[in-house]
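So that the names make sense, note that chain A is the first sequence line, chain B the second, and so on, each numbered from 1. Bear in mind that the values here come from a model prediction, so they are computed numbers and not experimental data.
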Amino acid sequence: MASTSDGDRPWQSYHTVFTNAKAGMDGVDKEKVQKTVYEMSKGSKYFENEQRKEAFIKQKIENLRAQCAQITANDISYFQTIADKKMSELEASRDLSKIWLHSDMDAFYASVETLVDPSLNGKPLAVGSMSMICTANYMARKFGVRAAMPGFIARKLCPELIFVPPDFKKYTFYSELTRKVFPKYDPHFIATSLDEAYINVTEICNERGISGGEVAEELRNTIYEETGLTCSVGVAPNRLLAKVCSDINKPNGQFVLPNDRRAVMTFISSLPIRKIGGIGKVTESMLREVLGISTCEEMVHKSAHICALFSHSSSDFFLSVGLGLGKTDTPQFKMRKSISSERTFSATEDESLLYQKLDEIAETLSNDMHKEDLSGRTLTLKLKTASFEVRTRAVSLQKYINSKQDILSHASKLLKAELPLSLRLMGRKPCLTPRQLLNHCLYLEQMVASLVYMILIYA
DNA sequence: TACATACAC
DNA sequence: GATGGTGTATGTA
């Protein structure tokens, strides 16, 4: 009986986000990557904090399991009725009349850097620093290097790795070039980040009598002509599925899921839940370890249990995923709800230094708010201690504020109440309220001025 | 309303 | 030596 306990291979129990399969990661020696990440992290403050978080999640899963064990046959038949009703309502809302594209630029920041400096071509490249990598090109991904990985670990995995510091001006410029292409296909396209967008091509397809796949081909060609960059595109009847599809034939590829219920259900039946946007590391573990769910289809098989264990909004989401449903409309406009500024610095217990950092953050935040003519009335101070513990402290004010002095004075009070401690990161963030236009000023419910320092706490 | 978590890029 | 910054949503008290 071979034992595979943590004692034999301790790295197996260190669950990072890097264990998730990502485009360009096929053929990577995952065991080796996992082991390297573990070895490089082990013993650090960061690692210890991750372990605390893991233990907390484990406990949460245990609690859910216990709850699950209490469910009686009677309960199940009751919740099955609830689930069936929910699912038939969801099914009734199914709309197969729309064709959505999700466009996702390939290794965007890294590709832009290579375009600007062709000498980088053919070399493993990371955009970021020794602390954090924003994007890795496909050559680097072969070594297990990827976004959100600290650079010093990436260098261990790939000693030849070239680092380029991020330059958001460049990425914004190229992003804008792509955003000049999308309106030709959908004037109301939805940009979700610099490198991703949803495009409703239903009308274009009807007008020109062509398929979604044909539009996707044309769009990719046009983007390449206009920018010199490649993207991958997913085509599907709703946005959730289109997003999944854009990842399938990355890079420089596309995947079409036809507007047909059977095709959607077949697609969903074997799809791992982790591929769905909104289902991350924790949710995946909860569903797998408590209910044995790994594929989207199993959400439907376990629908009664889902309704018994989770909130309305969670169970609605899980069941709609199981049915392959997603948003098909274009929201009118979405309003910003908060604004924030945060900065990480090396741990300090020097209070005057902390107030100085707070001053800088208040200034940045105030400037950012003025640019958009925003004010807020809830101010949150965010602190990160040297042990990576995050704390937030908030105040809601009588008046809406956006000046540096107002932000600073309220944030200082919040900080004062927390001292003494040693911080790494401070941030303040004003949260915004539903938009009220007053004197041409947008009033936000909340403002968060987050000064992110690491705070060292001395017992 | 305050705070913490989870998630995405 | 070293693990980010910005924003959204949700659960709980």
Open item on the list: Quick one, A/Glu39 with A/Lys42, criterion salt bridge (charged side-chain N to carboxylate O under 4.0 Å, His left out). Give me CA distance, side-chain angles, the key distance, then yes/no.
Closed with: CA-CA 5 Å; A/Glu39 293 294 337; A/Lys42 186 177 55 173; 3.0 Å; yes
Task: Evaluation steps, side-chain hydrogen bond (donor to acceptor under 3.5 Å, both in side chains), between A/Asn63 and A/Gln59 - done: CA-CA 6 Å; A/Asn63 295 345; A/Gln59 186 58 56; 3.1 Å; yes
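Remark: C1' of C/dG4 and CE of A/Met130 are 16 Å apart, rounded to the nearest angstrom. Between the P atom of B/dC7 and the NZ atom of A/Lys337 lies a distance of 19 Å, rounded to the nearest Å. With rounding to whole Å, A/Asp104 atom CG is found 12 Å from B/dA8 atom C1'. In this entry the distance linking NZ of A/Lys42 with P of C/dT3 reads 18 Å, nearest Å. Spacing between atom CD of A/Gln51 and atom P of C/dT3 amounts to 16 Å, rounded to whole angstrom units. Here C/dT6 presents its C1' atom at 7 Å from CD of A/Glu342, a figure rounded to the nearest Å.
Under 4.0 Å is where a charged nitrogen must lie from a carboxylate oxygen, and between A/Arg391 and A/Glu418 at least one such pair does.
Side-chain nitrogen and oxygen atoms of A/Lys45 include none within less than 4.0 Å of the OP1 or OP2 phosphate oxygen of C/dT3. A sub-4.0 Å separation between OP1 or OP2 of C/dG7 and a side-chain N or O of A/Arg336 is present. Within the 4.0 Å cut-off from OP1 or OP2 of B/dA4, at least one side-chain nitrogen or oxygen of A/Thr392 is found.
The nucleotide whose nearest atom lies closest to any side-chain atom of A/Thr283 is, among C/dG5, B/dA6, C/dT8, B/dA6. Of all nucleotides listed (B/dC7, B/dA4, C/dT6), B/dC7 comes nearest to the side chain of A/Val282. Comparing atom distances between the A/Ile153 side chain and each of C/dT3, C/dG4, B/dA8 picks out C/dT3 as nearest. Considering only side-chain atoms of A/Ala148, the nucleotide from B/dA6, B/dC9, C/dG4 that sits closest is C/dG4. Nearest nucleotide to the side chain of A/Lys243, out of B/dA8, C/dT6, B/dA4: B/dA8. The nucleotide whose nearest atom lies closest to any side-chain atom of A/Lys281 is, among B/dC7, B/dC3, C/dA9, B/dC7. Residue A/Ser338 has its side chain nearest to C/dT8 when only C/dT8, C/dT3, B/dC3 are considered. Side chain of A/Arg393, nearest nucleotide from B/dA4, B/dA2, C/dA2: B/dA4. When each of B/dA6, C/dA2, B/dC3 is scored by its nearest atom to the side-chain atoms of A/Arg155, the top-ranked nucleotide is C/dA2. Listed candidates were C/dA2, C/dT6, B/dC7. Nearest to the side chain of A/Lys382 is C/dT6.
The separation of C/dT3 from B/dA8, taken at their P atoms, amounts to 23 Å, rounded to a whole angstrom.
Looking at A/Ser41, its side chain comes within 3.5 Å of the base of C/dT3 through a donor and an acceptor atom.
Residues A/Thr192 and A/Phe56 both approach DNA chain B. Their nearest nucleotides, taken by heavy-atom distance, put A/Phe56 toward the 5′ side. With the nearest nucleotide of DNA chain B identified for both A/Ile276 and A/Ala394, A/Ala394 has the one nearer the 5' end.
You'll find the ring centres of A/Phe318 and A/Phe310 inside the 6.0 Å limit.
Contacts of A/Leu414 with the nucleic acid, taken as non-hydrogen atoms under 4.0 Å apart, are absent. As judged by a 4.0 angstrom heavy-atom cut-off over every strand, A/Lys60 is placed among residues touching the sugar-phosphate backbone only. Counting non-hydrogen atoms under 4.0 angstrom, A/Glu196 reaches the backbone sugars and phosphates but no base.
Between the side chains of A/Asn200 and A/Arg239, no donor N or O sits under 3.5 Å from an acceptor N or O. Using modelled atom types and a 3.5 Å distance limit, the side chains of A/Asp350 and A/Thr348 yield no donor-acceptor pair. Checking A/Thr230 against A/Asp106 by side-chain atom types alone, a donor-acceptor pair falls below 3.5 Å.
Around NZ of A/Lys170, the count of heavy atoms belonging to other residues, nucleotides or ligands within 6.0 Å exceeds 12.
Of the residues in residues 308-330 of chain A, A/Ser311, A/Ser313, A/Ser314 come within less than 4.0 Å of DNA chain C through at least one heavy atom, sorted by number.
Looking at residues two or more places apart in sequence or on another chain, you find a side-chain contact (heavy atoms from CB on, under 4.5 Å) between A/Phe168 and A/Tyr109, A/Pro166, A/Tyr171, A/Leu194.
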